[in-house]
Amino acid sequence: MTNLELSWALEEMGDLLEIKGEEPFKVRAYHRAARALETLEEEAAKLYARGELEKIPGVGKNLAKKIAELLETGRSTFLEKLREEVPPGLRDMLSIPGLGAKSIRTIYQHLKITTLEELEQAARERKIRTLPGLGSKTELAILRGIDMLKESRDKVPLGVARPLAELFCRQLRSLPGVDRVEVAGSVRRGCPMVGDVDILVGISSGGDEALLEVIEHHPQVKEVIEKEENHLSLRTWTGVKLEIFVVTSEKFAAGWWYLTGSAAHREELRAYAREAGFSLDEAGLPSSLEEAPVDLSSEEELYSRLSLPFIAPELREGKGEVKAAQEGRLPRLVTLEDIKGDLHCHTRYSDGLHTIREMVEAARARGYKYLAITEHSRSLAVARGLTPEELQAQKEEIARLNEELSDFTVLAGVEVDILPDGRLDYEDEILAQMDLVIASIHSGFRQDEEQMMARLEAALRHPYVDILGHPTGRMLGRRPAYAVNLEKLLELAAETGTILEINASPDRLDLDEVAARRAKEYGIPLAINTDAHDAGRLEDMEYGLAVARRAWLEPEDIINTWELDRLLKRLKRNRHLKF
DNA sequence: GCCGTTTTCGGCCCGACTGTTTTCAGTCG
């Protein structure tokens, strides 16, 4: 049994114990051990063979025994007993924001509901509000939560799908007879949530079954869903559906275009081609992977045969990109090479993992010219928000570091909380001394639109707030956006000159592409920030870029593509200064 | 449940917000 499977088993035990009403610290012990197993470098089976299971942090005598049983028999009597006591369907309900173990127990005891479907029906029939301790707000939260879960059902975040796709591509490339391997589909288009991962393999001679067999037995593969001569459909242990297609190399270019999609883009392009008098065969537009023509050298050629410039995969959504290409209005999309710095990250001062120096070194290694350190403010106690004194100390450390560095600038920033009443979590005098201020909402998510907008408006009108962080507060598949009126927010940002963030963390991607494109129409500058809590996560910039590119944004629209002095001049706080 | 002793028991992150009820329990970050 793999570490991941062990981790899932412990996770499920923890969840079921929680619903059962076990004491929170016991529940946490299971969850902590599950996380430890998930991130464990070595296979637990090897540790077990050496009698060293208890060396795993968070694993003691009891859990070691349960893990040992799982490793030996592939089953757990404890888990099976728990499943008998607690209907496993209740677990899904834990993912509904605002609904916890106690409420789930109440619902189960009174209504005998065990699945999300039954729960949704009960909520629609207004039965939840009749239960003790539950009311109409909880009922609404349930309906909203189930809606959100439905949207992300059978989908994984790009942050999971893309690394997995790249892993399989690397391994496929190393196989004999393979000329070329590329990611296609929604991963290539940079979609924030992905249903399946499409990979195209180009081989020198037809139908190599041995090739697909190797992949079938890859350790990441849990099951084979479907197997044909030139197509393999798999599910990985992490629940991702993988579609691998094999074509001969001369069909690769057309096949790659076809498989990248989207269906809407293919249709838009076909319609254009028909109208412009091209025959589709001549143009090389396949209507299936099998029909991919053999005489196409690249996607660029496909577009140029239609007298069009290359259309980047992120734009291929059938949202006017073909017409724009025809009229020469395609954007010059922002790329990683354009990015000169990151304006939102955390260090050990608050809830980050690394020191300022370590973060700065990582940013320099990426070729950046500047990095803003932006810790949490006092009220966010769980994230060890900084006191004014700690903030001052950090500012001094940053100043010392800047003296050392000749080719790089560290900005002393802060991510200040917008409190539920609209005030900011630091005094103005403190904010005035910072190089850069991000304001974000981390509490009071359930306020109604009026309260929320009043709060956001107060922050945007604040003279020292430069950037609004993760503007809608959504967490992909986990938490819906708070009650924000987007149009009003954009109007306010435009009016007050406040920069809006595209938070690049793959858990957030907030603003999303629709809002970001609207922001551009308003002339609002955007910042793509990773919000990195460790040095490695600075790499999340690529996910923010995917959003920006899908939003048709150009380097000019993104302030962290600008040189530092230009960026600083643009900040609200500096507009009165002369440089 | 685990862990580290103050070594076999007590602390473990804990305060704030929300909804429900009417003084507090449940949930969350």
Side-chain angles (χ1 to χ4, degrees), chain A residues 6-7 9-37 53-69 76 78-79 82 93-109 123 128-145 346 350-352 375-385 387 415 417-423 425 440-448 451-452 455 469-470 473-475 478-480 482-483 505 507-508 531 533:
Chain A
L6 291 169
S7 164
L10 292 177
E11 191 74 31
E12 186 179 352
M13 290 179 203
D15 285 350
L16 295 180
L17 286 168
E18 185 177 1
I19 296 169
K20 222 182 122 184
E22 272 291 356
E23 55 164 314
F25 289 114
K26 189 174 179 174
V27 172
R28 193 175 300 163
Y30 279 85
H31 287 144
R32 201 172 44 217
R35 272 197 303 281
L37 274 161
L53 278 180
E54 287 183 50
K55 286 198 174 171
I56 303 169
V59 174
K61 227 178 170 172
N62 204 306
L63 287 180
K65 244 163 100 181
K66 294 190 168 82
I67 294 169
E69 189 194 352
S76 164
F78 179 69
L79 182 54
L82 274 176
M93 300 180 193
L94 281 175
S95 338
I96 297 173
L99 202 63
K102 279 271 173 66
S103 306
I104 293 171
R105 234 178 15 256
T106 305
I107 292 168
Y108 173 59
Q109 279 162 359
I128 302 298
R129 61 180 70 190
T130 65
L131 303 178
L134 301 174
S136 58
K137 292 264 177 112
T138 308
E139 202 168 72
L140 208 66
I142 288 173
L143 288 172
R144 268 218 290 265
H346 299 269
S350 66
D351 58 346
E375 307 296 9
H376 290 294
S377 57
R378 211 168 5 182
S379 285
L380 206 62
V382 278
R384 295 198 301 276
T387 63
E415 181 182 15
D417 258 58
I418 305 169
L419 299 171
D421 61 3
R423 285 181 305 120
D425 199 21
S440 304
I441 285 181
H442 293 111
S443 62
F445 295 111
R446 293 219 237 171
Q447 287 182 338
D448 63 31
Q451 289 173 301
M452 198 53 96
R455 199 173 165 188
H470 39 75
R474 75 160 178 180
M475 300 285 266
R478 271 195 289 158
R479 191 175 72 201
Y482 38 66
S505 163
D507 297 327
R508 293 186 180 273
D531 197 355
H533 284 66

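Per chain, numbering begins at 1; letters A, B, ... match sequence-line order. Atoms considered below: every heavy atom in the structure, side chains included; atoms not considered: hydrogens, waters and symmetry mates. Since the model is a prediction, treat every value here as computed from it, not as a measurement.
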On a heavy-atom basis, the closest approach of H470(A) and Y482(A) is O-OH, 3.5 Å

Taking atom P of dT21(B) as reference, at what distance in whole Å does atom CZ of R129(A) sit? 12 Å

Using the side chain to side chain donor-acceptor pair (under 3.5 Å) rule, take E18(A) and H31(A) through it: C-alpha gap first, then chi angles, then the decisive distance, then the call. CA-CA 10 Å; E18(A) 185 177 1; H31(A) 287 144; 4.9 Å; no

Between C1' of dC13(B) and CZ of F25(A), the distance in whole Å: 8 Å

Taken to the nearest whole Å, CG/L94(A) to C1'/dC28(B) is 13 Å

Phosphate-side-chain proximity, S443(A) and dG29(B), N/O vs OP1/OP2 below 4.0 Å: no

Sequence neighbours excluded, the answer for side-chain hydrogen bond (donor to acceptor under 3.5 Å, both in side chains) partners of E139(A) is R129(A)

Can you establish whether the number of heavy atoms outside R144(A) located under 6.0 Å from its atom CZ is more than 12? no

Of the nucleotides dC12(B), dG29(B), dT20(B), which one has an atom closest to the side chain of R479(A)? dG29(B)

F78(A) side-chain proximity, nearest of dC13(B), dG1(B), dG19(B): dG1(B)

Where I142(A) and A123(A) come nearest, the two heavy atoms and their spacing: CG2-CB, 4.1 Å

Kindly indicate whether the side chain of Q447(A), heavy atoms from C-beta on, has any atom under 4.5 Å from the side chain of P420(A). yes

Quick one: Q451(A) CD to dC17(B) C1', roughly how many Å, whole number? 12 Å

Could I get a table of every N or O pair under 3.5 Å where one atom is in the protein and the other is in nucleotides 2-5 of chain B?
residue, atom, partner, partner atom, Å
dC2(B), OP1, G60(A), N, 2.7
dC2(B), OP1, G60(A), O, 3.3
dC2(B), OP1, K61(A), N, 3.4
dC2(B), OP1, N62(A), N, 3.3
dC2(B), OP1, L63(A), N, 3.1
dC3(B), OP1, G58(A), N, 3.1

Using atom CD of Q447(A) as one end and atom P of dG19(B) as the other, report the distance to the nearest whole Å. 10 Å

Looking at every heavy atom in both P97(A) and R479(A), which two are closest together, and how far apart are they? CG-CA, 4.3 Å

Would you give the length of the straight line joining atom NZ of K102(A) to atom CD1 of I104(A), rounded to the nearest 0.5 angstrom? 12.0 Å

Under 3.5 Å, which N/O atoms of the protein pair with N/O atoms of nucleotides 25-27 of chain B?
residue, atom, partner, partner atom, Å
dG26(B), OP2, K102(A), NZ, 2.8
dG26(B), O3', S103(A), OG, 3.4
dT27(B), OP1, G100(A), N, 2.6
dT27(B), OP1, G100(A), O, 3.1
dT27(B), OP1, S103(A), N, 3.1
dT27(B), OP1, S103(A), OG, 2.5
dT27(B), OP2, K102(A), N, 3.2
dT27(B), O5', G100(A), N, 3.4

Could you tell me the separation between the CG atom of L79(A) and the CG atom of L10(A), rounded to the nearest 0.5 Å? 9.0 Å

Rounded to whole Å, the CG-C1' distance (D531(A) to dG29(B)) equals 14 Å

Choose from dG29(B), dG19(B), dC12(B) the nucleotide whose nearest atom is closest to any side-chain atom of E23(A). dC12(B)

Which one is paired to dG29(B), where only Watson-Crick or G-U wobble pairs with both distances under 3.5 angstrom count? dC14(B)

Measure NZ/K65(A) against P/dG1(B) and give the value in whole Å, please. 10 Å

Between dC17(B), dC12(B), dT18(B), spot the one nearest the side chain of P420(A), thanks. dC17(B)

Between dG1(B) (C1') and R35(A) (CZ): distance, integer Å: 13 Å

